[in-house]
Structures are given as C-alpha cells and as structure tokens.
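We use all heavy atoms of the structure for the numbers below, so side chains are in, but hydrogens, waters and symmetry mates are not. Here is how names work: the chains are called A, B, and so on, in the same order as the sequence lines, proteins then strands, and each is numbered from 1.
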Amino acid sequence: MILVPVTYNGGVYRHNEIMDFIEDIGGYIVQKHILASDVVLLCFVPKDDVELLRSIAKSMGGEVVDSPLVGTEIAVVSMSLEIHHLPHPSCDIAEYLRRLGAKSNMVSLARGVGKRIAALNDEERDVINEHDLAVYLMGNFEKCIDYKMPNLRRGIEAPIVICGGPNKETLQRIINPPVDGYVGNVGRFMHRTKESEEFTKLDEIISEITRVLEKKRIGDAKDPLSVSPARLMDLIKENVPKIHQVTSPTPLTVQMAGLRVKLPYDTFASEIRNIEIEDSVKIGDVSNVTPSRMRDYILIRILPFSDTNVVV
Amino acid sequence: MQAVEYFEVECPEMVGGEYYKKITNIVLLDHNLIRTLHKIHIYVDPGVPIFVAVGILHKTPSLIRVRDFAAVNPLEGKIMLVLSNETYLAPMLKIFWQRFGQEHVEQPDRFTVILKGVTIDARELEDVIVADPSESLYKDLIYAFKCIAPEGFRIRREFYTKEKFFFVASEDTLTGDVDALIQSKFKIMGEVMP
C-alpha cells in the first residue's frame with residue numbers, strides 16, 4: 001500500500017468524520033491543528049483512496065491538497081542566532097516550510113559566521129544529520145561561501161539545499177563537490193519577506209526542496225522500509241500513554257525514514273523497542289532505537305527491507 | 001527632513017555590494033538614523049576581509065532643556081510644569097528627584113508636574129538640561145553599523161566626533177594600513193579624515 005502525504009483544510013464542524021474516514025481507509029494523521037473555526041490535518045492516505053477523500057472533503061466544504069513536505073523533518077541551518085540572520089531570512093523560510101506541512105527546526109551554528117573562522121562542531125553535525133534535509137542559509141558574498149562551505153558541510157550526510165546571495169549558476173560553480181539543491185539570490189537581508197517577488201523566491205526554495213526530497217524518496221523506494229514511520233507513530237501513541245503528556249507541538253515527529261520521539265531515552269527506549277508491531281515483530285527488530293543529539297529525545301531509524309527481510 | 005547627500009557602497013563583488021546597499025538603507029531607516037547622516041561611504045571586501053564605513057553627520061540636535069517641552073508656571077509656594085510631550089518626562093523627573101528630593105516633586109497626571117517648596121527661580125528651572133540627544137545618537141550609530149557589517153567581523157575600531165565618524169570591522173587583526181584605507185574613503189567623499 002503506497003501512502004501519499006496530503007493536507008486536509010476544512011471547518012471544525014464534522015471534521016471528526018474525516019478523521020475517522022482517514023483511519024478507516026488505513027491512513028495516518030501526522031498532525032492536527034485547530035485554528036479558530038478551521039481544521040488542518042496533515043496526513044498520509046493510501047494513494048488509491050485520495051480521490052475518494054477529496055470528494056468526501058468537498059461535500060463537507062473542505063479541500064484536500066497534495067503536500068509533499070508532510071512527514072519530513074527539515075533543518076534550517078542559520079549561521080548564527082544574531083540579528084544578522086534572525087528573524088529574517090531564517091525564520092521566514094522556516095515558517096514557510098511549516099505552513100506547507102514540513103516540521104522545520106532551526107539549527108543555528110555556534111561558529112558559522114565570518115569566512116576564515118567559520119566551523120561546524122560535532123553536535124551541530126549530528127543534529128543536522130538527524131534530519132531528512134538541511135537548508136543552508138548562506139550570506140551574500142561569493143568568496144565567503146566558496147571559502148567556508150567545505151568546513152560547514154564536513155560530515156553532513158543529509159541532502160543539502162544551499163540558499164545564498166549570488167545567483168544559482170554562481171553557487172553551482174563555486175560549490176565543489178556539488179550539493180543536492182541550489183537557490184540563488186536569497187542571501188542575508190534585514191527585512192520581512194512581504195513583496196510578491198520575495199514570496200516567489202520562497203516558493204522557489206520550496207520547489208527545490210520538494211525536488212530533492214522526491215529524488216530521495218525514489219531512491220529509498222528501491223529498498224523499501226520495513227515499516228511505515230506513520231504506522232510506528234500510531235503504535236507508540238497506543239502503547240506509550242506518557243506521550244500524551246508531552247507538551248511539545250509534535251511529541252512524535254514523523255520523518256521520511258524514521259521517527260523522533262520526544263520522551264527521555266533512558267526511561268522509554270526499551271519499552272519502545274519491545275512494542276509488538278505484528279506477528280511478534282517488535283519495533284526493535286525493524287529499527288534502530290537510538291538516543292538523539294537533540295535534548296534527551298529518542299530517534300528511531302527504520303531499517304530497509306534488505307536488512308530485516310520483513311515488511312510489516 | 002534633511003536628506004543624505006552621498007550614499008555609496010563599494011565592493012569588489014557587484015551582487016554583494018548591491019545587497020549591502022539595501023541592508024544599510026533598511027537598517028539606518030529602522031533605527032531612524034538616516035536623517036542624521038549627511039554623507040556615507042561603505043567599503044566591503046570579503047577577500048581581505050574588511051568592512052569600512054565612513055560618514056559625515058548633520059549638525060546634531062542641541063541639548064534638551066525643560067523649556068523645550070514644558071511650560072513653567074510659578075504659583076504661590078509652588079511651580080507647575082505643563083508638558084507638551086512626555087518623551088523626556090522620565091529623565092526630567094530623575095533630575096528633579098535628585099536635586100529637590102522626591103517629597104518636593106508631585107505628578108498629578110501624565111502631563112503635569114508640580115514642584116512644592118523649592119527655592120529655584122522659574123527662569124533657572126527652564127534652563128535645566130534634561131537630555132543630550134548626541135549621546136544616544138553615537139551609540140545608536142555604532143549599533144546600526146554592527147548590524148550592517150558582515151557577521152563574524154568581531155575585531156572593530158570605531159571613532160566619532162560631532163561631525164565625522166568611521167567604523168572598521170574585520171575577522172582578522174586590523175593592521176596599520178587601515179588608516180590609509182579610511183583616509184582614502186573620506187577622500188572619495190571629498191572630505192578629510194578626522
């Protein structure tokens with residue numbers, strides 16, 4: 001069963017029926033937002049039933065839109081936490097990603113600034129690698145990007161999309177070896193993105209990220225995961241009641257090939273490993289339950305079929 | 001409003017220079033500093049790397065005295081001040097408390113202050129200096145240039161007089177050649193380094 005990421009936008013009235021329907025057809029709700037009288041459901045639904053969901057949603061005055069970023073966790077890598085990079089453009093881009101369904105985290109580097117002095121430490125490297133994709137927000141100067149990029153990408157295994165002041169062709173020329181995506185003319189700026197051409201630029205970033213993630217999905221499909229991350233999310237919700245007491249907006253963050261569980265590793269890791277998925281196959285059998293570098297969270301990395309020989 | 005007569009950003013990288021012109025403009029506007037500047041020249045070279053900002057200021061506003069924002073009315077045994085705006089109310093009250101004591105200063109509402117049992121003459125009270133706008137101006141100007149300069153340029157040198165200023169920043173130690181560089185940037189504007 002192929003699950004596709006979609007977003008449902010509708011009213012609060014009878015939205016429970018939509019939720020029940022998604023669960024009945026074997027779909028999963030990743031996130032639910034209630035904003036005044038509107039409901040936004042970020043979900044995965046079986047590919048064959050998307051049209052059916054669309055028609056039911058229409059009858060209730062809602063709509064279903066394709067959201068390729070649902071179920072992805074993206075790191076927005078800012079060179080520092082200072083006013084030079086925050087809130088614009090780092091927060092603008094992170095917020096735009098969030099609107100389109102991605103779970104975006106800001107990763108601000110301790111020593112990402114300058115040219116000669118720019119560096120990436122092991123904690124930053126590991127945190128970035130825990131994401132599905134990293135968006136690097138660089139500055140305006142070609143020389144600086146050229147000089148510091150080798151330092152800032154050392155050890156990064158997640159796909160990288162670079163945003164920088166020079167145009168796309170220049171970025172492609174100066175970054176060697178090449179990264180996965182480039183968006184030019186988005187360097188450092190000190191004002192809020194509110195003009196139409198700035199929104200076009202944000203859309204360009206989204207389409208570049210979508211392209212890179214789609215490419216990754218196609219690559220991963222050759223060796224499918226042993227279990228869907230969304231299914232693991234549902235299982236943990238059912239079997240670990242403590243997760244309902246976590247106040248974080250996403251206590252369980254679904255990734256493309258894993259899941260971040262916002263519970264302490266030492267207390268809950270073995271309990272999660274022993275949850276049975278199906279036919280005595282446990283979570284620990286089909287995934288690596290590891291401590292995350294982000295606080296004391298748990299990071300579950302699902303193993304591919306070639307490693308486990310099971311698909312549940 | 002007095003306009004900026006000269007505003008240039010010089011950079012070996014054309015695209016980077018354009019971005020920095022935009023950044024400078026926005027930061028100076030956001031900090032309400034554009035009207036204080038008469039001429040400004042910025043030089044950024046990421047190759048060195050160095051950031052130099054030199055400029056000429058408009059005549060700074062004079063000292064703010066009590067008479068500039070309040071009407072002083074001497075009454076029997078007290079002096080009543082009626083404020084036209086409350087921008088300088090806080091520093092004025094601070095000065096009065098220190099000078100006359102809190103028990104002699106009353107504030108029945110936002111725009112009225114009454115001094116009771118004080119020996120000061122009304123004329124003398126009108127001349128009391130409440131604030132010096134130039135003090136915060138230079139502080140604001142330097143802060144704005146810290147925001148404009150590329151981040152990571154933490155080795156800084158700044159200098160200002162009432163008319164001219166310069167701000168230099170780099171991530172490397174500033175050498176003696178910097179003086180010649182600053183001088184040349186003042187020269188481009190037709191001015192002499194202070």
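Here the OG1 atom belonging to A:T290 is positioned 4.5 Å from the CG atom belonging to A:L299, to the nearest 0.5 angstrom. With rounding to the nearest 0.5 angstrom, the SG atom of A:C163 is 5.5 Å from the CG atom of A:L137. A:Y136 OH to A:R153 CZ: the interatomic distance, rounded to the nearest 0.5 Å, is 8.5 Å.
Interface check for chain B: of the options A:E142, A:M79, A:R188, A:H85, the most heavy-atom pairs under 4.5 Å are formed by A:R188. Top candidate by heavy-atom pairs under 4.5 Å with chain A, chosen from B:C147, B:S170, B:A149, B:P49, is B:C147.
The cationic atom of A:K115 (NZ for Lys, CZ for Arg) lies less than 6.0 Å from the six-membered ring centre of A:Y147 and within 45° of the ring axis.
A donor-acceptor contact under 3.5 angstrom links the side chains of A:E198 and A:H191, judged on distance only.
Both the backbone and the side chain of A:N185 come within contact range of chain B, with heavy atoms under 4.5 Å apart. With a 4.5 angstrom heavy-atom cutoff, A:I83 touches chain B only via side-chain atoms. For A:R111, no part lies under 4.5 angstrom from a heavy atom of chain B.
Formation of a donor-acceptor pair under 3.5 Å by the A:Q255 side chain with backbone atoms of A:E130 is found in this model. Proximity of a side-chain donor or acceptor of A:T210 to a complementary backbone N or O of A:I206 within less than 3.5 Å is detected.
Scanning residues 8-16 of chain B against chain A with a 4.5 Å heavy-atom cutoff picks out B:C11, B:E13, B:V15, B:G16, ordered by number.
In this structure, B:F100 places its CZ atom where more than 12 heavy-atom neighbours from other residues, nucleotides or ligands lie under 6.0 Å away.
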